[in-house]
Every structure is written in structure tokens, then in C-alpha cells.
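Input: a single structure, listed below in C-alpha cells.
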Amino acid sequence: MEFKNVLYEIRDGIAVVTVNRPDKLNALSRATLEDIASAMDAAEGADEVGAVIITGRGEKAFVAGADISEINTLDAQSGREFAQFGQGLFRCIETFPKPVIAAVNGFALGGGCELAMACHMRVASDNAKFGQPEVNLGIIPGYGGTQRLPRLVGKGVALELLLTGDMITAARAYDLGLVNAVAAPGQAVAKAMEIAAKVVAKGPLAVRGCIEAVQTGLDMPLEEGCYLEATLFGLCCASEDMREGTKAFMEKRKAEFKGR
Ligand code: COA
């Protein structure tokens, strides 16, 4: 599959989506967002794909933000549409039925940090830098950053990062719970592949259920979230994978899940 601004390949059942504008530090132009959307559609439709990794080309940047050259001419109406377009894509990533891991190989700024936060997990190389520097441009984040950052790191630190525009290191991002693991430079994708392979070996319907329960349930009152969880649990109980998984445990062998 070929896209102008994104590389798409399948390695060992894992789709690797690489934002491919290294000369612009992989900034997210509208066309790049559209290519990411098409790549995610391809990954969703491909039965052989069990997980997705999103990364950026080169050693320097994951994604250095939305493309600033496209922001300069926005007005109230087009600015709102601009934000809603990116938010729509990032919500699709957040609720994607297969696990999505960001392999943050360098700068993850603005829309890049927001893209990483929309993924289910984040792995960073230890030279990675995270930040929401929009205030330097006289704007606020528009792709969900003001909402996902406080949910991930808490209100106090989120406001610190949003108001100062400061960048933080991978080590601090790890301490804050913003990233799940830190890898040596150049090894973020390899580490993300390791985590993805672990998840791909589990029951796909159960993995999907966990994603839905967390991503949808967390925005509900506890009682409703638990109701959703019980419904999804019931759906798992109707699956062949549940029979196989529990049977394999009792027979002391490895389960062979079929995603049915
Ligand atoms: N949008 C558009 N182009 C961008 C970009 C962005 N978000 N981030 C970097 N670029 C471009 C630069 O304009 C430059 O292009 P050019 O060579 O044609 O002039 C190229 O990428 C390299 O960036 P440069 O700034 O020269 O690299 P640097 O090493 O000096 O600085 C950063 C790196 C990340 C600190 C700096 O590029 C930066 O601050 N980028 C913007 C980050 C940001 O504000 N993101 C939020 C956007 S809403």
C-alpha cells in the first residue's frame, strides 16, 4: 500500500505506519492526516494485522506538530473545522479495535504529542521530547491535547506543560505515566514491536473488549462504565476464544485463539 506522506508495511502481523515528512520533522499537514486515516483503514480491514505501531521517519522527530504553515491563514470557522478534522481521526485511533502503540522516536510536540496520546500505549526512545508548545504560537492545542493530557498526567502537570509550552524528556514522561516504556535511541519501534507481539498473542476479542471498556467506559459514571464492562464480559463469554482460553488453562497448554 502506497501513500505520499506515510509509509505502511506489515511486519509479523503488526502494521507499522511511519509518518514520512522528515524534512518538515513529520509535521501533520492535512494531507498527512488523510494518509494516516487511510493507513488505519487498511490496518483495520486486514485480517492478518493484529496491532498497529505509529512512528515518525528519521531519528529526530516523531511528529513536530500540526503543520504550522497551514495554521497561519485559519479563521474562526476554518480553525474549528481544522481542529475537528484532527480530533475525528485521533478519536478513531483511540477507539481503534486493535491495539495502537506510538513509537516516539524524537520530538512529539503539539499535534505529535496529541497523536501519541490518542494511541493506546506509548514507547519513547530516550532522546524523545514531549510538549504542547502551542501557546508559543498564540493558540491552544486543537487535537485533544487539553483533554487527554490532564487525563494521562493529572491537571496540575498538564496545566504546567500547556501554559509554559516547555518540552519534557522521555525520562520525565515515563515518571509521569505519559509513556509506558523508554528504549535506547533508535529502538522505540523495536520495543513497541515487542509489546505489540505480546498483545497479538492474546484473544483478539478480549483485547478489543479491554480497549472499548477503557476508552468508552472511562468517560461514563462508574456505574455505567461497570454496566458496559459486564456487557462486554458477556460478549466474551459467548466467544469460541473464551472456551479455548479457559480449556487451555485447565489442560495446561497454550491457548490457540481464533478471534471468534
Ligand atoms: N510545522 C511545519 N513545519 C515544521 C514544523 C511544524 N510543526 N516543525 C518543524 N518544521 C519544519 C521547519 O520549518 C523546518 O523547515 P525548513 O527546513 O523548510 O525551514 C524543518 O521542519 C526543520 O525544523 P527546524 O526548526 O529547522 O529544526 P530545529 O532542530 O531547529 O528545531 C523544533 C526543532 C522541533 C524545536 C522546531 O522545529 C519547532 O519548534 N517546531 C515547531 C513545534 C511546534 O510548535 N509544534 C506545534 C505546532 S501546533
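If you read the sequence from its start, that first residue is 1, and numbering goes on from there.
With sequence neighbours left out, the side-chain hydrogen bond (donor to acceptor under 3.5 Å, both in side chains) criterion links Lys191 to Glu194. Every side-chain contact (heavy atoms from CB on, under 4.5 Å) that Leu109 has, sequence neighbours left out, goes to Phe107, Pro133, Met167. Residues forming a salt bridge (charged side-chain N to carboxylate O under 4.0 Å, His left out) with Glu212 (at least two apart in sequence, or on another chain): none. Remark: Pro97 pairs with Glu44, Arg208 by the side-chain contact (heavy atoms from CB on, under 4.5 Å) rule, at least two apart or across chains. Remark: Thr169 engages Lys129, Ala171, Arg172 in a side-chain contact (heavy atoms from CB on, under 4.5 Å) (not counting sequence neighbours). Take Arg253 and apply the salt bridge (charged side-chain N to carboxylate O under 4.0 Å, His left out) test, not counting sequence neighbours, and it matches Glu244, Glu251. For Arg148, the salt bridge (charged side-chain N to carboxylate O under 4.0 Å, His left out) partners at least two apart in sequence or on another chain are Glu94.
Residues Met220, Leu232, Leu235 make up the rest of the hydrophobic cluster containing Leu228, defined by ILVMFWY side-chain heavy atoms closer than 4.5 Å, directly or through other members.
Atom CZ of Phe257 is surrounded by more than 12 heavy atoms from other residues, nucleotides or ligands within 6.0 Å.
For Glu240 and Arg260, the salt-bridge test passes: some basic side-chain N is under 4.0 Å from an acidic carboxylate O.
The salt bridge (Lys or Arg N to Asp or Glu O under 4.0 Å) analysis of residues 8-17, with sequence neighbours excluded, yields the pairs Glu9-Arg11. Applying the side-chain hydrogen bond (donor to acceptor under 3.5 Å, both in side chains) rule to pairs touching residues 74-89 yields Arg30-Glu81, Asp75-Ser78, sequence neighbours excluded. For residues 59-72, the pairs satisfying side-chain hydrogen bond (donor to acceptor under 3.5 Å, both in side chains) are Arg21-Asp67, Asp67-Ser69, with sequence neighbours left out. Here salt bridge (Lys or Arg N to Asp or Glu O under 4.0 Å) pairs that include residues 218-234, with residues two or more places apart or in two chains, are Arg151-Asp219.
Looking at Val19 and Val17, their side chains never come closer than 4.5 Å, going by heavy atoms from C-beta outward. In this structure, the side chains of Ile101 and His120 stay at 4.5 Å or more apart for every pair of heavy atoms. For the pair Tyr143 and Leu115, the minimum side-chain heavy-atom distance is 4.5 Å or more.
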Ile53 vs Val123, test: side-chain contact (heavy atoms from CB on, under 4.5 Å). Steps then yes/no.
CA-CA 10 Å; Ile53 291 172; Val123 173; over 6 Å; no
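Nearest heavy atom pair, residue Phe62 against residue Ala102, reads CZ-CB, 4.1 Å.
With hydrogens and angles left out, the side-chain atoms of Asn5 and Asn20 include no donor and acceptor closer than 3.5 Å. Neither side chain, Asn105 nor Ser125, offers a donor N or O lying under 3.5 Å from an acceptor on the other. Side-chain atoms of Ser239 and Asp241 form no donor-acceptor pair, as typed in the model, at a separation below 3.5 Å.
Note on ring orientation: taking the six-membered ring where Trp is involved, the planes of Tyr8 and Phe3 are perpendicular (angle over 60°, cut-offs 30° and 60°).
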